[in-house]
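Contents: one structure, followed by commentary.
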Protein chains: 2
Amino acid sequence: MSISSTPTLQPMLRKLSYWGALGEADKAAALALPFKQKLIEAQKYTVRDGDQATHSCVLLSGFAYRHKVVGDGSRQILSINMKGDIVDLQNSLLGTADHNVQALTQCEVAFIPRDEIRQIAFERPNIGMAMWYDTLVDGSIFREWIANVGRRDAHTRMAHLLCEFALRLKVAGLGERDNYVLPMTQEQLADATGLTPVHVNRTLRALDEEGLISRDKREVRIADWKKLAAAGDFQSGYLHLHEDQTVTSEG
Amino acid sequence: MSISSTPTLQPMLRKLSYWGALGEADKAAALALPFKQKLIEAQKYTVRDGDQATHSCVLLSGFAYRHKVVGDGSRQILSINMKGDIVDLQNSLLGTADHNVQALTQCEVAFIPRDEIRQIAFERPNIGMAMWYDTLVDGSIFREWIANVGRRDAHTRMAHLLCEFALRLKVAGLGERDNYVLPMTQEQLADATGLTPVHVNRTLRALDEEGLISRDKREVRIADWKKLAAAGDFQSGYLHLHEDQTVTSEG
DNA sequence: CGACACGTTGATTAGGATCAAGAGTAGTGG
DNA sequence: CCACTACTCTTGATCCTAATCAACGTGTCG
C-alpha cells in the first residue's frame, strides 16, 4: 500500500506543532504512530455516514472534503481538508461517522488506529492538547460556515470562501495568499456555499468583473486582498491562526 | 456570588457522565473544581466575540445561545445551550472567543478557570475524554446546522430544529419529547434558521395547519413524531445520543 | 393606561433556483 | 489521429421561495 519511499506522518506533525509546542519526545512519539498508507483516487470515499470508525485519516497529500446528503438528495459540503489535516478525528473518536469523507483529488492518506490516537493524546498532554485544539479550530470553522450560509448573500459568501481558502492554503504551504489553485468544480463550490452551480458561476463572474479576482481555469488570483476581504465580510480570527498570518484587512 | 444554598457542578457532571463512564474519584474531582457562580439576566452577554477567555461557563439552569453578527448587522445563532452544558469550552481553550454567548433566559452560570479545566482534563483521562467528546458532539451539531441552513427549505428546516430541541430537552431532563416549552422568540428562531421572523411565523403556522405540531404561546406539542421527523429530514445520529434515546423514526 | 415587545397577516419585491442549451476541454477507443 | 463522449463552464429566460415593507393585534408590565 505504501507509495512514497519514506512514508511519514510529518505533515500531521507540522499541523499539530502549529497549534502547540511539542517536545522532541512528543515529536518522536507522533512519528512512531503505526499507520497504513493508501492512495485514494479522486471521488472515492474514505468514510461513509453511519460507518463505525476505527481509524483516523491523515491527509499526506491531495484534498478531501466532508459532506452530508439531505433528504431531497442535495449535498452540503462541510469542510475542505488539505495536507496535514487529521480528517475525521471527530468521526473516529465519536465512534459512528455522522458525515461522509470523500477525496476531492487523488490523495495519499495515512490511516491511524483510533486507540493509538486516544492513547498518545493522554500519555502526551502536549500532543493531546494540540489534537483537541485542532478539533476545536475545526469547530470554529464550522461555526463560521453556519453564519456564512445562514446570513450572507451569495456575493459575500463566495468572497468569504475564497478568502478562507487563500489563508488556509498559504498556512498549509500549498499556495500563495493572492494566487492559488482551487481544486474544486463550480458544482462543489455550490455545495459548499449552499448555492446552485449556475449561481456560483455568475457570482464568480461578478467578482471577476468587479476586479476583485481574476481567473484562469481553476486558478484564482486575488487582485486586491483588502477589497475581497471587505466584500466577503472576512475576518480571519475564526481560523485561529498565528498573528503573523492573520493578514485580514492589512496588505 | 453564590446564589443557591448548595451551589454544585452536578449538572455538568451529569452531562460528562453521559458521554463516558467516570469513576468515583473522577466525579469527586469534577465536583471539587473551583468556580464562581453568577446569576445572569436574560439577554446579558457572558462572552463577547474577540474576548480573551479565561473561564469556561457551565450552565446550571436556564438557556443560553451562541451567535455571530455578520457584516450587514444580521445575526446567526449557532447553538442553543441548556442546563449542564459547558458553554464555551471552545472559546476558553482556544483563548480568543470567535463568537458571542448570550443568556436566552435568566441563567445560573458557574465560571471555571480555564487552567483548571485543562489540568483536570489531562490528570483524569476519563474526564478529559468526556470533555473532548462533548466538544466533538458540539461540532457534530454544527455540521448538521450547516446542512440545515445550507440545503433544506424553510419548512424542513423548522421541523428539523423542533425535532432537535425535542430530543435535547428530553435528554437534559427539561421536557418531554412530544411536549415542551421553547424558550425562544420567533425572531430568535429566525436567527437560528437563517430565515426572517415573518417567514418563521408562516412556517410554524403551516406545520400547525398540517397537523404536525400544535402551539400554545411557546409551548410546542408534537402531534406525530414520525411525521415531523420525516418532514424535518431528521435523523438523530448526529446528536450521538445513547441508543434508547435515538427515537428518530420509531414511536 | 400607555409603552413596548412579540406575534400575526397581507401585499409586493427580489435574490437565487430552475430550466434549457451551447461552448470549451479532456479522456477514450477505434 | 480523430471522432465520440462526458464533464465542466457559461449564458439566457423564466419561475418561485423567502425577503421586505407595512400594519394591526395581543399580552405584559410599570
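The basis for the numbers below is simple: all heavy atoms, side chains too, and nothing from hydrogens, waters or symmetry mates. Chain A is the first sequence line, chain B the second, and so forth, proteins listed ahead of strands; every chain is numbered from 1.
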Legend entry - Within 6.0 angstrom of B:K68 NZ, more than 12 heavy atoms from elsewhere: yes

Inset, instruction - Figure out the CG/P separation between A:D208 and D:dT11, and round it to whole Å. - result: 10 Å

Inset, instruction - Send over the distance from B:H199 NE2 to D:dC21 C1', rounded to a whole Å. - result: 16 Å

Legend entry - 5' precedence on DNA chain C between B:M184 and B:R202 (nearest-nucleotide basis): B:M184

Inset, instruction - Scan side-chain atoms only and decide if B:H99 and A:R143 contain a donor-acceptor pair under the 3.5 Å cut-off. - result: yes

Inset, instruction - Describe the nucleic acid contact of A:R205 in one word from base, sugar-phosphate, nothing, applying a heavy-atom distance below 4.0 Å. - result: sugar-phosphate

Inset, instruction - Run the salt-bridge test on B:E108 and B:K83 with the 4.0 Å N-O cut-off and return the result as yes or no. - result: no

Inset, instruction - Going 5' to 3' through nucleotides 25-30 of chain D, assign each nucleotide B (protein heavy atom under 4.0 Å from a base atom), S (under 4.0 Å only from sugar-phosphate atoms) or - (no protein heavy atom that close). - result: ---S--

Inset, instruction - Rounded to the nearest 0.5 Å, what's the gap from CD1 on B:I77 to CG on B:L189? Could you check? - result: 8.0 Å

Inset, instruction - Look at A:D233 together with A:R152 and state whether they make a salt bridge at an N to O cut-off of under 4.0 Å. - result: yes

Legend entry - Among A:R66, A:K15, A:R14, the one residue meeting salt bridge (charged side-chain N to carboxylate O under 4.0 Å, His left out) with A:D85: A:K15

Inset, instruction - Taking the six-membered ring of A:Y45 (Phe, Tyr or Trp), confirm whether the NZ or CZ of A:R48 is under 6.0 Å from its centre and within 45° of its axis. - result: yes

Inset, instruction - Heavy atoms of chain B, cut-off under 4.0 Å: which first and last nucleotide of DNA chain C, 5' to 3', fall inside that, if you could look? - result: C:dC6 to C:dA11

Legend entry - Phosphate OP1/OP2 of D:dT10 contacted by A:R215 side-chain N/O (<4.0 Å): yes

Inset, instruction - Grab the CG-C1' distance between B:L189 and D:dA18 for me, whole Å please. - result: 16 Å

Inset, instruction - May I ask you to list the residues of residues 142-159 of chain A, by number, that have any heavy atom positioned under 4.0 Å from an atom of DNA chain C? - result: A:D153, A:A154

Inset, instruction - In whole angstrom, give the distance that lies between atom CZ of B:R75 and atom P of D:dA19. - result: 15 Å

Inset, instruction - May I ask you to establish whether A:K170 and A:Y180 are in a cation-pi arrangement, using a distance under 6.0 Å from NZ or CZ to the six-membered ring centre and at most 45° from the ring axis? - result: no

Legend entry - Whether B:H160 and B:F234 hold their rings parallel, tilted or perpendicular, with breakpoints at 30° and 60°: perpendicular

Inset, instruction - Answer with base, sugar-phosphate or nothing: what part of the nucleic acid does B:T196 contact at a heavy-atom distance below 4.0 Å? - result: base

Inset, instruction - Look at the side-chain N and O atoms of A:R218 and state whether any lies under 4.0 Å from the OP1 or OP2 oxygen of D:dC9. - result: yes

Inset, instruction - Write down the atom of A:A192, the atom of A:L161, and the distance for their closest heavy-atom approach. - result: CB-CD2, 4.3 Å

Inset, instruction - Could you verify whether a donor N or O on one side chain and an acceptor N or O on the other, from B:D138 and B:T135, lie under 3.5 Å apart? - result: no

